[in-house]
Amino acid sequence: MRKFILGAAGCLAMLGSGSGPVAAQTTPESRAAADRLGQCMVSKTTGADRIAVAGWMLAAMASAPELHDVASVTPERKEKADRAMAAVF
């Protein structure tokens, strides 16, 4: 579970750094920020918080038009996941 949280934090930090391919934007500074976010999430979150983060990531991915044939999420469920994620932060 710890690796999942660290990976999720890294993805969030890198995705929030701008547009374009994530690999092209990975810098030592962004990696350090992702590491700090991951350590914070591991040490300061509860099991319910981690489930909220996982649910938010799943809802975000499922709402992508390219993935509608694989998974779907209602706007209401996406809103609920967004609010749960906001409460974590």
Side-chain angles (χ1 to χ4, degrees):
M1 184 59 137
R2 184 173 188 271
K3 287 183 182 181
F4 168 77
I5 296 298
L6 292 173
C11 288
L12 290 172
M14 287 185 274
L15 288 173
S17 66
S19 61
V22 172
Q25 297 178 21
T26 303
T27 65
E29 294 82 13
S30 67
R31 186 70 233 152
D35 289 345
R36 287 190 304 274
L37 178 60
Q39 291 300 323
C40 178
M41 290 184 74
V42 167
S43 65
K44 304 289 184 185
T45 58
T46 66
D49 292 338
R50 291 186 287 273
I51 289 171
V53 171
W56 175 78
M57 291 177 70
L58 189 68
M61 289 186 283
S63 64
E66 299 84 1
L67 298 178
H68 278 294
D69 62 328
V70 177
S72 63
V73 62
T74 64
E76 294 81 18
R77 181 62 186 101
K78 173 94 170 53
E79 175 73 18
K80 183 178 177 181
D82 289 345
R83 289 185 183 277
M85 181 65 170
V88 170
F89 283 100

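Since this is a predicted model, take the numbers as computed values, not measurements. Numbers here simply count residues along the sequence, with the first being 1.
Val70 and Met57 fall into different hydrophobic clusters, defined by Ile, Leu, Val, Met, Phe, Trp and Tyr side-chain heavy atoms under 4.5 Å apart, directly or through other members.
Formation of a donor-acceptor pair under 3.5 Å by the Arg50 side chain with backbone atoms of Thr45 is found in this model. Side chain of Asp49 to backbone of Thr46: a donor-acceptor contact under 3.5 angstrom is found.
A salt bridge (charged side-chain N to carboxylate O under 4.0 Å, His left out) check over residues 79-89, counting only residues at least two apart or in different chains, returns the pairs Lys78-Asp82, Glu79-Arg83.
Ser72 meets the side chain to side chain donor-acceptor pair (under 3.5 Å) test with no other residue; sequence neighbours excluded.
In this structure, Val73 and Ala59 approach most closely via the heavy-atom pair CG1-O, 3.6 Å.
If you take CG on Leu58 and OG on Ser63, they are separated by 10.0 Å, rounding to the nearest 0.5 Å.
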